[in-house]
Every structure is written in C-alpha cells, then in structure tokens.
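Just so we're clear, the structure is a prediction, and the values are computed from it rather than from any experiment.
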Amino acid sequence: QINHVVHNGGLYKRPFNEAFEETPMLVAVLTYVGYGVLTLFGYLRDFMRQWKIEKCQNAIEREEQKDFVPLYQDFENFYTRNLYMRIRDSWNRPICSVPGAKVDMMERVSHDYNWTFTYTGKVIKGIINMGSYNYLGFAQNNGTCQQAAAKVLSQYGAGVCSSRQEMGNLDKHEELEKLVARFLGVESAMAYGMGFATNSMNIPALVGKGCLILSDELNHASLVLGARLSGATIRIFKHNNMQSLEKLLKDAIVHGQPRTRRPWKKILILVEGIYSMEGSIVRLPEVIALKKKYKSYLYLDEAHSIGALGPNGRGVVDYFGLNPEDVDVMMGTFTKSFGAAGGYIGGKKELIDYLRTYSHSAVYATSLSPPVVEQIITSMKCIMGEDGTTFGKECVQQLAENTRYFRRRLKEMGFIIYGNEDSPVVPLMLYMPAKIGAFGREMLKRNIGVVVVGFPATPIIESRARFCLSAAHTKEMLDTALKEINEVGDLLQLKYSRHRLVPLLDRPFDETTYEETED
C-alpha cells in the first residue's frame, strides 16, 4: 500500500503531524439516536403548536397569507425552532470588556426556554477567554497599539466617509499597504474594510464564466459565496486530500469544459491556511507542486494562519519555508492576529492594480477606519521587530508553546482532538446534541468562556467545542482551563479517545480525512 509519507516526504522540510481520530461506533450510534429523539419531539411540538396546545413563539405567516407560497419552510427552520432553541443560551453571549485573555460578561436569564433573554444587571468578571481569535494578544486597551490608535483617532477621526477611489484614500492606507507587501514578501498589496468581503467580492473579479474553481470541501463561507457569485464552474475536492485535487486537475485538463470540450480559461485552486473548524493546516508544499505541474492558479486564504504560524509569524508560507511568489493570490484578515478589522490581498503588482479597478470591495466600499489602520500598522511592525523590541517575536513563540502544551495535555486526558499539532485552533469533539449546551454552560459556571459549535457550521454528528489559544494566555490560565475541562469531561463523559490516532500522512491514497483506516 502506497502512503502519503512515501510519496510526499521530500516536499516537507519539517514534521507535519495531523490527526483525526475515528469516532467510536457506540458514540456515533448514540448521537444519531439523540438527534432522532429530538426530531420526533420537534414534530410533536410542531403538531401541538398548530393546534394551539402549545404557544407558538416563532415568526409565522399571518392568517390571510396562509394560501401564499411559504417564505421560509425547510429543515433549518425546523432545526432552529426545536433543536437550536434548546441550547441558544450557549451563543451570542454579550461581553463588556476588551476580548483579551480574560473577559467580563453580562449575565442574562431566560424565562421562556431561550426564546427571549433578560439582563440581570450583574457582570461576571474575569472569565478566561478561550474563544476569541486573539492569537498574538494584540486585542488590548493599553500598550503601544492602543496609544498609537488613540493618537490617530484624535488626528483623523473615526470614519473616512468615502471609498478609496473618491475621497477616502489616506496616507495611512498607502503606508499600510506598503507594510503588508513587505511583511508578506510580495510586490504589492491592497487592504479592505471587511475580511468576509475580501473573499466574497474579489473572487468574482478574478474568475468568471468559462473558468473552473477547485475548492476544498471545508472552505469558509466567504470563499464559498465568492465562488458562487463568480459564475465559474465549481468542483469540490476532499479536505486536504491531494489525490482528490490531482484527479480533479487531470480531469479538468483532459476533458475541458462540459459540452463544448474547450479548455478552461483559468483554473483557480481555493484553500485556507488553517481551517477554522478542523484545526488542520493546508498541505501547501503539495498544493504548490500540483499547481505548477498543471499550470493552474492558487488562492490562499490566511485568515487564521497569518501572524499565528511560522517562525516569523508570516503565515503558512513562512511555516513551510516556501517562496511567497509561488502563491498567486495571498489573502488574509486583520481581524485575528492583529486585533483589528478588515482584510488584504497580496501578490504581483499587475494583480493588485487590476483589483483596484475591478474589485467591488475597492470601488464601492468605505475605506478602513484610520484608528483601525494604525492598530494594524503598529501590531505588524511589532511582529516584524521594527518597533525596536523583540515583543512581537516573543508573542509568536509563546503562541506556539501554548498551542503544543494545550493540545498535548488534552490528548493525555483522553479527549478526541482534531487538527495539526501546531494549529492554535483546537477542536474538542462533543458529538451528542445534549452535550453541546451542557459543555458551554458547565464551563461558564467555572468561569471559562468557550465556543461550542454544531450544525450547520459542522456536520450534524460532529459537534465540537473550539478553543482558540492566545499568546496572552499565561501557563496558570491554561492550567486552570485544563483542570476545569478535565472535570467537565469526566462529568459529561466526553473522554472518547482510545488513543488510536490516525495521522493524515499515513492515510492510504483512496481514503478521506474522516474515514477510518483499517488495523
């Protein structure tokens, strides 16, 4: 049997350890049974609402509209009413402090089973924040970044009130784009006011009808939306599976466009640096090798990896020691590692000049707010060491240490943990629907703020808690969090792991990320 490790060993300059442990059969069966019971009760309650036995809380059509085609009537609406509403208190919790290593949260209660919430007026202080994407700890209300942003706020004001092509192009925007290009090691870069729109509005400017997009099955919603808006043909390859990608590339070149058999105008591969729900890192050396072999283009979304990966914090390209010129479109956001807002695209000068004219985000959207721009400039210079200190480099190293320590301890406790050992996104598998809400509530009781994730953000039986580590977390904070996670894990019986780890590098060619390998 030929394995990845034999085939691709020469492309990696460092160990690439990524594991997705199989779901125990009993857990999978019980998860399906749990959803089955909830669905049955959902239909029963819908029947009772229809006959006015139970009060109907959700929005419905008025009596005179009953004969119209229903506006919204599908499974997700059923799911929202009968499944999501039971655990709705685990989401949208209002915090009232800076999203640093610790946060303050407004206390709220519900007297109608989570349909509405009322605030008690109390503030829960000092909650350890294991949910924010504050990877390098730059989300803070003191220090050099805050002082620089406050100074720019007093000089420029908060808003720009115009797009870049009209009156909204400030010297600060020019300075930021030159700095981003230097940071990434590319010819030119462009900044945008919103990370989501950087993907969804720029992909349609790059490809269109007659082009082919090859997209990873677990790509973010912004990439999916951008691909759909472009009008290009979209084909999906299995998550991080290079055999699946190569097969699609071969088929695209051999067969061309459907019906006409003409060659595709462009083939664009869409991947992410770190996948935010799986904690996995893209197999970039292999993707670049395939891209060069089949003469296609590569669009890399570094939203979670920029700042958080690599010895210099320059993302997944830096992590693998690759040449930035091998990535045609380098996209990322300022919302995570830089503690700000917005996104960027970097690449060749011709590409960026083209996007300045044709990108909807560039032409129609309001420019980045000046204090936000200054926050990005100051934090980026700090990471690059241009502020005259080693603080930025220390943060990058601290994040890497925290990540390895936290992941190792959770695995030792017996939890099923997904993803790469160097990824600061750490998914802990919960599986059963009742345990989603229970885990979030129990952790909050113990003063730990966590994010729990279920359908539709994950497959319906792969519910999970997702921890995001930060350089701002001290060892004491992590040890406190780990102690409480261990306690809740015992309480809710979440320690499913049988330590049969299946590293991705050892998976046979024809198997996908989630399938079990044979003994």
Run I269 and Y297 through side chain to side chain contact (heavy atoms under 4.5 Å, CB included) and show every step you take. CA-CA 6 Å; I269 302 166; Y297 295 99; over 6 Å; no
Which is it for E421 and R404 under the salt bridge (Lys or Arg N to Asp or Glu O under 4.0 Å) test, yes or no, and what are the steps along the way? CA-CA 6 Å; E421 65 177 14; R404 287 196 199 96; 5.2 Å; no
What do the steps show when you test Y299 against N199 for side chain to side chain donor-acceptor pair (under 3.5 Å), and what is the final call? CA-CA 10 Å; Y299 186 110; N199 276 335; 2.7 Å; yes
Does K348 form a salt bridge (Lys or Arg N to Asp or Glu O under 4.0 Å) with D353? I'd like the steps, not just the answer. CA-CA 9 Å; K348 288 200 160 40; D353 289 347; over 6 Å; no
Kindly determine whether E246 and Y294 satisfy side chain to side chain donor-acceptor pair (under 3.5 Å), including the steps that lead there. CA-CA 9 Å; E246 184 164 21; Y294 294 100; 2.8 Å; yes
Set out, in order, the CA-CA distance, both residues' side-chain angles and the distance that settles ring-ring contact (aromatic ring centres under 6.0 Å, His included) for Y431 and Y496, then state yes or no. CA-CA 10 Å; Y431 299 111; Y496 303 120; 5.3 Å; yes
From CA spacing to verdict: ring-ring contact (aromatic ring centres under 6.0 Å, His included), Y192, Y344: CA-CA 6 Å; Y192 300 89; Y344 66 81; 9.2 Å; no
Run the ring-ring contact (aromatic ring centres under 6.0 Å, His included) check on Y79 and Y84 step by step: do they pass? CA-CA 6 Å; Y79 177 91; Y84 167 71; 7.3 Å; no
Using side chain to side chain contact (heavy atoms under 4.5 Å, CB included), reason through L225 and I203 one step at a time and then give a plain yes or no. CA-CA 9 Å; L225 179 64; I203 294 170; over 6 Å; no
Can you list the steps and then say if L170 with E174 is a side chain to side chain contact (heavy atoms under 4.5 Å, CB included)? CA-CA 7 Å; L170 305 180; E174 302 278 350; over 6 Å; no
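By the 6.0 Å contact criterion, NE2 on H173 is enclosed, its count of non-hydrogen atoms from other residues, nucleotides or ligands being greater than 12. Within 6.0 Å of CZ in R262 there are 12 or fewer heavy atoms belonging to other residues, nucleotides or ligands. A 6.0 Å sphere centred on CD of Q165 holds more than 12 heavy atoms belonging to other residues, nucleotides or ligands. Atom CZ of R182 is surrounded by more than 12 heavy atoms from other residues, nucleotides or ligands within 6.0 Å. Under a cut-off of 6.0 angstrom, the local environment of OH in Y364 is sparse, with at most 12 non-hydrogen atoms contributed by other residues, nucleotides or ligands.
Taking a cutoff of 4.0 Å between a charged side-chain nitrogen and a carboxylate oxygen, R464 and E462 qualify as a salt bridge. Between K411 and E21 there is no salt bridge, since no side-chain nitrogen of the basic residue lies less than 4.0 Å from a carboxylate oxygen of the acidic one. D326 has no carboxylate O lying under 4.0 Å from a charged side-chain N of K291, or vice versa, which leaves the two without a salt bridge. Using a 4.0 Å cut-off between a side-chain N of Lys or Arg and a carboxylate O of Asp or Glu, R235 and E217 do not qualify as a salt bridge. E286 and K293 are not joined by a salt bridge, as no carboxylate oxygen comes within less than 4.0 angstrom of a charged side-chain nitrogen.
Under the 3.5 Å distance criterion, with hydrogens and angles disregarded, no donor-acceptor pair is assigned to the side chains of S276 and H220.
Under a 3.5 Å cut-off, the side chain of Q375 and the backbone N or O of F338 do form a donor-acceptor pair. At least one donor-acceptor pair under 3.5 Å links the side chain of R407 to the backbone N or O of N420. With hydrogens and angles ignored, the 3.5 Å screen pairs no side-chain donor or acceptor of S359 with any backbone N or O of R356. Listed for the S423 side chain is no donor-acceptor partner under 3.5 Å among the backbone atoms of G419. No donor-acceptor pair closer than 3.5 Å links the side chain of N312 to the backbone N or O of R314. Not one N or O on the side chain of E278 forms a donor-acceptor pair closer than 3.5 Å with the backbone of V425. The closest donor-acceptor contact from the side chain of S244 to the backbone of K238 lies under 3.5 Å. Between the side chain of E177 and the backbone N or O of G346, no donor-acceptor pair lies under 3.5 Å. A donor-acceptor pair under 3.5 Å is absent between the side-chain atoms of D301 and the main chain of G332, judged by distance alone. Formation of a donor-acceptor pair under 3.5 Å by the S367 side chain with backbone atoms of N169 is not found in this model.
For the pairing with V426, the side chain to side chain contact (heavy atoms under 4.5 Å, CB included) check across F467, F415, Y418 returns one residue only, F467.
Taking the six-membered ring where the residue is Trp, the centroids of F78 and Y43 are separated by under 6.0 Å. Taking the six-membered ring where the residue is Trp, the centroids of F320 and F16 are separated by under 6.0 Å.
A distance of 7.0 Å separates OG in S296 from CD1 in I253, rounded to the nearest 0.5 Å. Distance CD1/I417 to CG/L428: 4.0 Å, rounded to 0.5 Å.
Applying the side chain to side chain donor-acceptor pair (under 3.5 Å) rule to Y275 yields the partners D216; only residues at least two apart in sequence or on another chain are considered.
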